[in-house]
Number of protein chains: 2
Amino acid sequence: MKYLIAEDEKELQQSIATYLSREANVCETASDYREASEKLELYDYDIVVLDINLITGSGLELLRKLKEQNKKCGVIIISANSSLDDKLEGLDLGADDYITKPFHLAELNSRIKAVLRRGQFGGNDSITFEEIRLDTLARSAYVNDKPITLTRKEYDLLLFFITNQGRVLSKAIIAEHLWGDDSDLLDNFDFIYVHINNLRKKLTKAGAKYIQTAYGSGYKFIAD
Amino acid sequence: MKYLIAEDEKELQQSIATYLSREANVCETASDYREASEKLELYDYDIVVLDINLITGSGLELLRKLKEQNKKCGVIIISANSSLDDKLEGLDLGADDYITKPFHLAELNSRIKAVLRRGQFGGNDSITFEEIRLDTLARSAYVNDKPITLTRKEYDLLLFFITNQGRVLSKAIIAEHLWGDDSDLLDNFDFIYVHINNLRKKLTKAGAKYIQTAYGSGYKFIAD
DNA sequence: TCAATTCTTAAGTAATTATTAAGCAGATTA
DNA sequence: TAATCTGCTTAATAATTACTTAAGAATTGA
């Protein structure tokens, strides 16, 4: 399950992401219109939590765009307490639910659950790729139903590969997804080599070698 | 209280499970005849919600088997609107009630409640995991039928583990469930180490060591 | 209210995992 | 083919996370 949190208040954004990351397999954030728009074009999400009052560009505008593209994801709008109109307009535009600031995270979560339940969006606890299976609740990995022990970073890396199979992932993107936003500034991704190497060793040993190097661009996870 | 939902329509299954998990201590699902049959043999349930029109194998067949085994659980049949015969046959075979698609979840819930009330089912409000048994009314715990004394927090922790078996539970989530909502903000969960440690000691001493550390992610309760 | 139990804090230790760094290997380009 | 860039591997060091214990707070029950 993949969530996107489009919220410009950094603190709230982080609270939400932290809270929801246990429900989602992938929980990403966007801090402004541009970033959200970009991510929505590049990736598929099951749920988008959208603050309708994004400073840069309107959240409603984003929602309109989203629905034009006919993406199959549930949308939950966050709105400031006053703006009833925005809410209604949002629902008109195809949002699935809304929640008013301030709110409890548990409340947001149960609304997401409700949207997922009544919609056709997402909904599976294990992810497979060829003979690899990830149990996302137990955070455990299997190759041909034999468990392999992964560290946290290795698991996250493998999950990221599988949920983005076939796509070339640059070291910068991998770093951003596994280490968060602060790594924008880094220009040294040496440590990724190490994690890739470790994960490769474990997968190869178990008989599943799918991490391919795209020389000069990054890596991709793909069956030969 | 343990429920089993035998329903092959994934979406409906999830709706029911999510809705009823509030009422039940353990609410499990089965998607086909084989899975349901297996679970019924392995575990005891207080209530079985059985879709009589399971694609694979007949629901009626399952019910017949269930009653042959003389299991003490209440059975509520879900039937498609037309098949009156199935309903009657189901009741003949010993089902306790039926409900016709489509139905409101609240309706299903109140029928379950009614069955529980008038039946002898669920009188023993206990949850088991391997050799561990929790008496949820007395809030007491047993390992191989020998009582072990737990403090409140230890009991709550164990209950939380057992009802979320196999799932990685982060310290933040554990804190939230045992200490309430305010703990979102806490960034220090040191005290959890202590409770985990205490519970582990008691369980281990009694011969049941199921709390596994998922380094960097949390803990999970699982049989090797 | 007092005594007993239970919870939390704190501090030191242990274990695991992440990152750095350096040398090597393979690829690409001129 | 030399020069350069990119990626691989390994081992060491650093950082993080977990465990354990004991003592002081807080809570509970009589």
Side-chain angles (χ1 to χ4, degrees), chain A residues 18 21-22 139-141 147-161 168-180 182-183 185-205 209-222, chain B residues 138-141 147-161 168-180 182-183 185-205 209-222:
Chain A
T18 308
S21 60
R22 74 168 196 267
R139 289 183 61 90
S140 48
I148 57 176
T149 57
L150 301 178
T151 70
R152 190 158 69 105
K153 283 273 185 286
E154 284 160 11
Y155 176 88
D156 287 341
L157 185 55
L158 179 54
L159 177 61
F160 187 53
F161 269 126
V168 172
L169 302 169
S170 71
K171 290 199 287 294
I173 287 184
I174 293 173
E176 189 191 325
H177 280 258
L178 266 70
W179 281 266
D182 3 74
S183 54
L185 309 164
L186 290 180
D187 51 357
N188 174 4
F189 299 121
D190 280 358
F191 51 90
I192 289 186
Y193 289 128
V194 181
H195 290 296
I196 293 274
N197 187 17
N198 291 337
L199 179 56
R200 256 188 183 147
K201 267 193 268 189
K202 290 184 181 177
L203 287 180
T204 305
K205 192 176 164 192
K209 46 179 205 295
Y210 296 118
I211 302 178
Q212 288 190 2
T213 303
Y215 195 93
S217 317
Y219 298 90
K220 60 180 168 179
F221 201 81
I222 198 166
Chain B
R139 291 180 60 89
S140 51
I148 57 176
T149 58
L150 300 178
T151 69
R152 257 181 303 280
K153 284 276 184 283
E154 285 160 9
Y155 175 87
D156 287 341
L157 186 55
L158 180 55
L159 177 60
F160 188 50
F161 268 126
V168 170
L169 304 169
S170 71
K171 291 198 288 294
I173 289 179
I174 294 172
E176 187 191 323
H177 279 257
L178 267 71
W179 282 268
D182 3 72
S183 53
L185 308 165
L186 289 181
D187 50 358
N188 176 2
F189 298 119
D190 281 357
F191 51 91
I192 289 187
Y193 289 126
V194 181
H195 291 295
I196 293 274
N197 188 14
N198 291 337
L199 178 57
R200 255 189 185 147
K201 268 193 265 188
K202 290 184 182 177
L203 287 180
T204 305
K205 192 176 163 191
K209 45 179 204 297
Y210 296 118
I211 302 178
Q212 286 189 3
T213 303
Y215 197 98
S217 308
Y219 298 89
K220 58 183 165 180
F221 202 81
I222 197 167

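So you know, we letter chains A, B, ... as the sequences are listed, proteins then strands, and number each from 1.
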What distance separates [X] [atom1] from [Y] [atom2], expressed to the nearest 0.5 Å?
X	Y	atom1	atom2	answer
B/Y219	B/Q212	OH	CD	12.5 Å
B/E154	B/H195	CD	NE2	8.0 Å
A/K220	A/I211	NZ	CD1	13.5 Å

- Please list, in 5' to 3' order, the outermost nucleotides of DNA chain C lying under 4.0 Å from any heavy atom of chain A. C/dT17 to C/dT28

- Item | Residue met sooner reading DNA chain C from 5', once A/L150 and A/I192 are mapped to nucleotides | A/L150

- Note on the structure: On DNA chain C, more 5' by nearest nucleotide between A/V194 and A/Y215 is A/V194

- More 5' along DNA chain D: A/G218 or B/Y193, using each one's nearest nucleotide? A/G218

- Given DNA chain D, 5'-ward residue of the pair A/G216 and B/K171, judged by closest heavy atom: A/G216

- Query: First and last nucleotide of DNA chain D in contact with chain B, 5' to 3', at under 4.0 Å to a heavy atom: what are they?
  - Reply: D/dT16 to D/dT28

- Assign the ring pair B/F191 / B/W179 to parallel, tilted or perpendicular, where the plane angle (0 to 90°) is split at 30° and 60°. perpendicular

- Atom NZ of A/K202 with >12 non-hydrogen neighbours under 6.0 angstrom: yes

- Sorted by chain and residue number, the side-chain hydrogen bond (donor to acceptor under 3.5 Å, both in side chains) partners of B/T204 (sequence neighbours excluded) come out as none

- Query: Is any side-chain heavy atom of A/F161 less than 4.5 Å from a side-chain heavy atom of A/I196?
  - Reply: yes

- Message: Any base atoms under 4.0 Å from B/Y155, or only sugar-phosphate, or nothing? Heavy atoms, all strands.
- Response: nothing

- Message: I'd like to know if the side chain of A/R152 reaches the main chain of B/G216, judged simply by a donor and an acceptor atom lying under 3.5 Å from each other, with no hydrogens or angles considered.
- Response: yes

